[in-house]
Amino acid sequence: MQLLTNRPRGTTDVLPGEVEKLHYIEGVMRRLAHQFGYAEIRTPVFEHTELFSRAVGEATDIVQKEMYTFNDRGDRSITLRAEGTAPVVRAFLEDGLYAQPQPTKVYYICPIFRYERPQAGRLRQHTQFGVEVFGVAGAEADVEVIMLAMELFSRLGLTEWKPGAKVDAKANAAAAEADLVVHINSMGCPTCRATYREKLVAYLEPHADELCETCRERLHRNPMRVLDCKNPDCHPVTSKAPGMLDHLCDDCRAHFQRVRELLARFGVPFVVDTRIVRGLDYYTKTVFEIQSPHLGSQNTVCGGGRYDGLVQMMGGDPVPGVGFGLGIERLVLHLEALGKAVPGAAPVDVFLATMGPAAVDAALPILYQLRHAGYAAETDYLGRSLKSQMKYAGRLGARFVAIIGDDELAKGVVTLKDMASGQQSEVRLDAAELGRALAPRE
RNA sequence: GUGAAAGUAGCUCAGCUGGUUAGAGCGUCGGACUGUGGCUCCGAAGGCCGCGGGUUCGAACCCCGUCUUUCACCCCA
């Protein structure tokens, strides 16, 4: 088939049969968010470009090469939502959420757009479930969002983990091979990070010629990114470099300590991973990624952290924040890798099989009355044989088929067939009577 | 943005070292069973062999370009 055009690169069509999985997953997310005290927020799919370029950081990969940016007809620079947190922070300030009872706890399920090379688990449009907490400086909030993510994975059957189970460091290392693990790190605050940054640059500069090309570029622009370079040539230098964790100020050190204590107390499997740096500039203190061993190269299902300076940077009073984003498409890959079944299409309650025009006339009013009464009812519009209609009803997963032919019309009944048992009975040709016969009897 | 592999019916794939009208299974539709689904059998529809150019008497097959997909890198969800 020669089509006029196909879908743009890195996008997907979610077809009937597949979409039900998303409904199920999103339903779990919404219930969970509600139980944790998070309310939904919806922000526009597009924003002014400077929202992302300023909040995420001019030097980041997202801003430099991954944004869908265009000028609209009013010559404004517009960018499709490249990231979840910045728009929520904008709304928090613009819509005065800070004037409501604090803290503000919100969640969202929305599409994210990034111009990247597609790969398994990486699309140009993907969907994120994200949560944000504003107004809590303490580590309890960092831990709450991590607990929320872990609880979600647990409810979806992606991990054996249950809150409260005892986990020690050795068990964590073993779990990292087979199960979801939270990788955490601390980025410090602007004060201690600046001090650390100087020390790091001072250490790296004499070794610049031992580093790879990208690292030499990053040395001054974003030296912390040099540390997580995967190029083995850089490892001799980076492995001896001073670490951020050794240079945290008292406040940041205590915060990170508290996060680890609470995670341990609640039985969350975690490892301190100094390579978790995150590609967004706004993070402070805690950053984390939850990685799955079942996803191949794109193995981060959930990533987030604390952003205590972002609200002020965007023009508000200083309000601390913490949150995460979680990729739903990767979640689905993970479910499939584990062979986890999720509910499919909802079944049809009754299929009205008609034989001849008189039967169609009799069936249509009943069809709409049954639907009005809340039943999923379907019929044939193609004038097909009874056999074909039976076959079709079987495909739809109909619980019952109501057969209406000349015999039934003469008697004012339908032949009602229970598709699971094959048993048939006669029911009066009347929507209310039929409805009673259809009522689930379990 | 870098490197590698692959694109043949709706889906999964055959198709010999280039040689007439490109095949199978599954799925779809119909029939066997003119009033009864799942099993079985029979039949039909469905392909510019991703697209464009080149080589050749002749291209699904060889060459170049392009688009898309997959894998890895970068980075992320």
Side-chain angles (χ1 to χ4, degrees), chain A residues 1-12 15 56 60-66 81-85 109-130 149 212-215 217-218 222 225 228-232 275-280 287-292 295-304 324-334 348 351 353-356 359 382 384-409 414-424:
Chain A
M1 233 179 344
Q2 185 54 35
L3 301 181
L4 178 65
T5 183
N6 348 63
R7 76 182 95 91
R9 185 168 200 194
T11 62
T12 55
L15 304 178
V56 175
T60 60
D61 283 0
I62 290 180
V63 172
Q64 288 207 322
K65 53 183 198 188
E66 294 175 1
R81 177 168 41 223
E83 189 267 335
T85 301
I109 296 173
C110 65
I112 302 282
F113 303 86
R114 281 182 212 160
Y115 191 90
E116 295 192 271
R117 188 97 170 240
Q119 202 178 316
R122 191 169 69 193
L123 299 162
R124 288 185 173 180
Q125 174 179 343
H126 75 278
T127 315
Q128 280 191 17
F129 166 63
C212 71
E213 204 177 318
T214 35
C215 283
E217 282 174 31
R218 280 175 179 162
N222 200 347
R225 293 279 300 282
D228 70 338
C229 179
K230 276 137 196 151
N231 189 329
R275 285 167 310 165
I276 302 294
V277 172
R278 313 285 303 155
L280 298 89
V287 291
F288 67 93
E289 290 185 5
I290 302 178
Q291 298 179 358
S292 161
L295 287 182
S297 183
Q298 307 304 320
N299 63 353
T300 300
V301 225
C302 175
F324 69 71
L326 188 153
I328 294 183
E329 288 80 2
R330 281 189 192 171
L331 205 57
V332 171
L333 288 178
H334 194 159
V348 168
F351 185 90
T354 57
M355 302 167 69
L382 302 177
R384 288 193 279 204
S385 68
L386 178 62
K387 180 189 173 63
S388 287
Q389 293 185 54
M390 292 299 297
K391 203 169 170 178
Y392 183 60
R395 274 307 176 83
L396 293 179
R399 291 166 51 224
F400 289 92
V401 174
I403 300 167
I404 307 173
D406 292 341
D407 298 348
E408 284 82 2
L409 288 176
V414 304
T415 299
L416 189 66
K417 177 166 184 168
D418 181 325
M419 293 295 272
S421 68
Q423 292 188 340
Q424 299 192 168

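Letters A, B, ... mirror the listed sequences (proteins, then strands); counts begin at 1. In this text the structure is predicted, and so the values were computed from the model without any measurement.
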Of the listed nucleotides B/rU70, B/rU36, B/rA77, the one nearest the side chain of A/P118:
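The answer is B/rU70.
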Options B/rA77, B/rG35, B/rC73, nucleotide nearest the side-chain atoms of A/E408
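Between B/rA77, B/rG35, B/rC73, the one nearest the side chain of A/E408 would be B/rG35.
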Select base, sugar-phosphate, or nothing to describe what [X] touches, counting heavy atoms under 4.0 Å on all strands.
X      : result
A/N6   : nothing
A/G130 : nothing
A/E289 : nothing
A/A120 : sugar-phosphate
A/I328 : nothing
A/G356 : nothing
A/E329 : nothing

Going by modelled atom types, is there a donor-acceptor pair between the base of [N] and the side chain of [X] at under 3.5 Å?
X      : N      : result
A/R330 : B/rC76 : yes
A/E66  : B/rG1  : no
A/R117 : B/rC71 : no
A/R384 : B/rG30 : no
A/Q389 : B/rU36 : no

Atom-pair distance ([atom1] on [X]; [atom2] on [N]), nearest Å:
X      : N      : atom1 : atom2 : answer
A/Q424 : B/rU36 : CD    : P     : 10 Å
A/Q298 : B/rC75 : CD    : P     : 11 Å
A/Q64  : B/rC75 : CD    : P     : 13 Å
A/R122 : B/rC74 : CZ    : P     : 10 Å
A/R114 : B/rG1  : CZ    : P     : 18 Å
A/L333 : B/rC71 : CG    : C1'   : 14 Å
A/K65  : B/rC76 : NZ    : C1'   : 11 Å
A/L416 : B/rU36 : CG    : C1'   : 13 Å

Counting Watson-Crick and G-U wobble pairs only, both distances under 3.5 Å, name the nucleotide matched with [N], or none.
N      : value
B/rA59 : none
B/rU2  : B/rA72
B/rU34 : none
B/rG18 : none
B/rC26 : B/rG10
B/rG52 : B/rC64

Test your reading of the model: is there a side-chain donor-acceptor pair from [X] to the backbone of [Y], 3.5 Å cut-off?
X      : Y      : value
A/R330 : A/G121 : yes
A/E83  : A/T85  : yes
A/R122 : A/R117 : yes

Could you give the distance from CZ (A/R9) to CG (A/L123), rounded to the nearest 0.5 Å?
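So the gap between those two atoms works out to 11.5 Å.
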State whether a side-chain donor-acceptor pair under 3.5 Å links A/T300 with A/E289.
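There is such a pair (donor and acceptor under 3.5 Å, judged by atom type) between the side chains of A/T300 and A/E289.
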Check: protein-nucleotides 38-42 of chain B nitrogen or oxygen pairs below 3.5 Å:
none

Check whether any side-chain heavy atom of [X] lies under 4.5 Å from a side-chain heavy atom of [Y], and answer yes or no.
X      : Y      : result
A/E408 : A/T415 : yes
A/Q119 : A/Q298 : yes
A/K417 : A/M390 : yes

Which whole number of Å gives the distance between the [atom1] atom of [N] and that of [M]?
N      : M      : atom1 : result
B/rA4  : B/rU8  : C1'   : 23 Å
B/rA14 : B/rG3  : C1'   : 31 Å
B/rC62 : B/rU55 : C1'   : 8 Å

Cation-pi check, A/R384 onto A/Y392 ring (under 6.0 Å, within 45° of axis):
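Geometry flag: set, cation within 6.0 Å and 45°.
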Taking 4.0 Å as the cut-off, does a side-chain nitrogen or oxygen of A/S388 come that near to OP1 or OP2 on B/rC29?
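The answer is no; no side-chain N or O of A/S388 sits under 4.0 Å from OP1 or OP2.
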Name all residues meeting the side chain to side chain donor-acceptor pair (under 3.5 Å) criterion together with A/R124; count only those two or more places apart in sequence or in a different chain, and write none if there are none.
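A/R124 satisfies side chain to side chain donor-acceptor pair (under 3.5 Å) with no other residue.
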